[in-house]
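One structure below.
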Amino acid sequence: MDSENRRKFLKRFGQGALASMTMPVFGNTLKDDWKAEGIFEGDANTEAYWELVKSQFNLAEGLRYFNNASLGASSVKIQQETQKFRNLLDGFPSKYMWGGWSNEKEAVRQKVANLFSVTDEEIALIHNTTEGMNLIARSFDLQPGDEIILANHEHASGTIPWEVWQETKGVKLVRPELPILPKSIEELTTVYRKAITPKTKLISMCHIVNTNGMILPVKEVSKMAHEKGILVAVDGAQSAGMFTIDLKDLGCDFYTASSHKWLFSPKGVGIFYAKQESQKYLKPLMVARGYQDQSIRRLENYNTRNLPEVLGLGASVDFHNTIGADEIHKRSFELKSYFRSKLKNDNRFTLKSPVSNQLSSAIQVVEVNGKNVKEVKQSLWAKHGIDCRPMSSHGLNALRLSFAIYITKKDIDYLVNALETIAS
């Protein structure tokens, strides 16, 4: 990227961050820090722009990281902002742990609420998706014979809480099978429709399954379920930050996600959404002083917690907004399309994620025909420095590849060349 484009890119980055930062840090602001670097006004339709986005991350030398669906990286500036909060906390521990950051924490809550088009009274700041799923599964006073629908592609952290907190009480877990390569939203919706009985109380589903990146029809299932008085809980671990999400439009009752994946926040921070009218069903996993609080904050009442990471989430949302949610949305599908175009006519490979943009996005799964996926994964790492996830369940025998915003088309070219070498 030439110096002029870099200057514009950096300028734009600073302007976007300024719009959302209000809280001072060490007498300075995140806006001032980014402004001092230049930060950005580039053309998101160019690869040069995304090369500069990539430069904001400090991945290990030689690493080609296609494993964001397992865990994302924080950009350098997000790391720095989080460290500032850590230093401030250690300078005056009791002040900042108990009350000194009340306004800052509420500012983060509001930023998250804005990102998902909901109110701040519908967002709790938790630790991760697993906690959110446990919170939901433990809250309900279900009776023996009641049913919960959990399709066969749910993550273990989305099924085990129901097994422990409800199945042991005699509640039935209904496990319908989803097609690996559905042709339409209706095909998937029909699976859930057929699984519903008069005893169904709740449907728990992924927004994007971690197995092959398939997007499930949360909006359609929520509408269908609510017509029958059934609640819908969503595991959003793989969707939050990948593309634009309006939770009001999706219509689900609960949505939980780990922000350390596609939002690149500090590790161990999560987001929990509960529709205002559905919050009455929820009980906190932990109780402490202040347990009588009736707001959604009762679900995050841990007394002592790692607040610098929570506040670092605010910097992550600023980073997301500075690039632009719409630009990230568009880029996610652009990288998907670019990757698929490289392999679609090569009979050495089988793509095992749905084709339609309604059914998959920046997670794609591919099998190298005739080769064991674990051996392929090891070869990619040992010979090419590529990290990705081998998927063996559901008959996939395929590599799961994540195309986060720090992935460029050059990176995909490198990946495809490596795959072709192994296939040959």
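As the structure is a computational prediction, the values presented were derived from the model and not from experiment. Along the sequence shown, residues carry numbers from 1.
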- Note on the structure: Result for side-chain hydrogen bond (donor to acceptor under 3.5 Å, both in side chains) between Q364 and one of R340, K336, K352 points to R340

Side chains of [X] and [Y] in contact at under 4.5 Å (non-hydrogen atoms):
X: E167; Y: W162; result: no
X: L307; Y: L89; result: no
X: L380; Y: R64; result: no
X: K275; Y: L247; result: no
X: E177; Y: V191; result: no
X: L335; Y: T408; result: no
X: L263; Y: I271; result: yes
X: N321; Y: V317; result: yes

Counting neighbours of [atom1] on [X] that are heavy atoms of other residues, nucleotides or ligands and sit closer than 6.0 Å, is the number greater than 12?
X: D249; atom1: CG; answer: yes
X: K54; atom1: NZ; answer: yes
X: Q358; atom1: CD; answer: no
X: Y281; atom1: OH; answer: no
X: K199; atom1: NZ; answer: no

For the backbone of [Y] and the side chain of [X], can you confirm whether one donor and one acceptor N or O come within less than 3.5 Å of each other?
X: Y65; Y: N67; answer: yes
X: S337; Y: F333; answer: no
X: N417; Y: D413; answer: yes
X: R109; Y: I123; answer: yes
X: D146; Y: Q143; answer: yes
X: T168; Y: V164; answer: yes
X: H320; Y: S316; answer: no
X: E309; Y: V269; answer: no
X: Q56; Y: I78; answer: no
X: K261; Y: A69; answer: yes

- Message: On the six-membered ring of Y338, is K409 placed so that its NZ or CZ lies under 6.0 angstrom from the centre and within 45° of the ring axis?
- Response: yes

Using a strict threshold of under 4.0 Å (side-chain N to carboxylate O), is an ion pair present between [Y] and [X]?
X: K377; Y: D387; value: yes
X: R331; Y: D326; value: no
X: R86; Y: E81; value: no
X: E122; Y: K248; value: yes
X: E121; Y: R297; value: yes

Determine, using ring centers only, whether [Y] and [X] are less than 6.0 Å apart.
X: W101; Y: F85; result: yes
X: F319; Y: F57; result: yes
X: F339; Y: F403; result: yes
X: H260; Y: F264; result: no
X: H127; Y: F272; result: no

- May I have the step-by-step check of side chain to side chain contact (heavy atoms under 4.5 Å, CB included) for V373 and M391, ending in yes or no? CA-CA 7 Å; V373 66; M391 303 303 294; over 6 Å; no

Shortest non-hydrogen contact from [X] toward [Y]:
X: V234; Y: C206; result: CG1-C, 4.3 Å
X: R305; Y: M97; result: O-CE, 3.0 Å
X: D235; Y: H155; result: OD2-CB, 4.0 Å
X: H153; Y: V209; result: CB-CG1, 3.7 Å
X: P354; Y: L181; result: N-CD2, 3.6 Å
X: M133; Y: S204; result: CE-OG, 3.2 Å

- Step-by-step side-chain hydrogen bond (donor to acceptor under 3.5 Å, both in side chains) determination, N369 to T350: CA-CA 7 Å; N369 296 332; T350 300; 2.8 Å; yes

Within this structure, what is the [atom1]-[atom2] distance for the pair [X] and [Y], rounded to the nearest 0.5 Å?
X: T130; Y: L135; atom1: OG1; atom2: CG; result: 12.0 Å
X: L359; Y: S184; atom1: CG; atom2: OG; result: 7.5 Å
X: I386; Y: L63; atom1: CD1; atom2: CG; result: 9.5 Å
X: Y255; Y: S222; atom1: OH; atom2: OG; result: 12.0 Å
X: L188; Y: K183; atom1: CG; atom2: NZ; result: 11.0 Å
X: W381; Y: C388; atom1: CH2; atom2: SG; result: 11.0 Å

- Stepwise, does the side chain to side chain contact (heavy atoms under 4.5 Å, CB included) test hold for H207 with L250? CA-CA 10 Å; H207 194 183; L250 282 185; 3.8 Å; yes

- Message: With side-chain hydrogen bond (donor to acceptor under 3.5 Å, both in side chains) as the criterion, how do N68 and S402 come out once you've worked through the C-alpha distance, each side chain's angles and the decisive distance to 0.1 Å?
- Response: CA-CA 5 Å; N68 195 86; S402 306; 5.8 Å; no

- Carefully, step by step, assess T129 and T256 under the rule side-chain hydrogen bond (donor to acceptor under 3.5 Å, both in side chains). CA-CA 5 Å; T129 310; T256 185; 5.1 Å; no

- Indicate whether the side chain of T190 and that of E186 have a donor and an acceptor atom separated by less than 3.5 Å. yes

- Test side chain to side chain contact (heavy atoms under 4.5 Å, CB included) on E220 and Y192 and set out the steps. CA-CA 10 Å; E220 290 74 12; Y192 287 95; over 6 Å; no

- Task: Report the C-alpha separation of L202 and V232 in whole Å, then their side-chain angles, then the decisive distance to 0.1 Å, and conclude whether the side chain to side chain contact (heavy atoms under 4.5 Å, CB included) test is met.
- Result: CA-CA 6 Å; L202 193 140; V232 177; over 6 Å; no

- Message: Please determine whether salt bridge (charged side-chain N to carboxylate O under 4.0 Å, His left out) holds for the pair K223 and E227, giving the CA-CA distance in whole Å, both sets of side-chain angles, and the decisive distance to 0.1 Å.
- Response: CA-CA 6 Å; K223 182 177 184 298; E227 290 172 352; 2.9 Å; yes

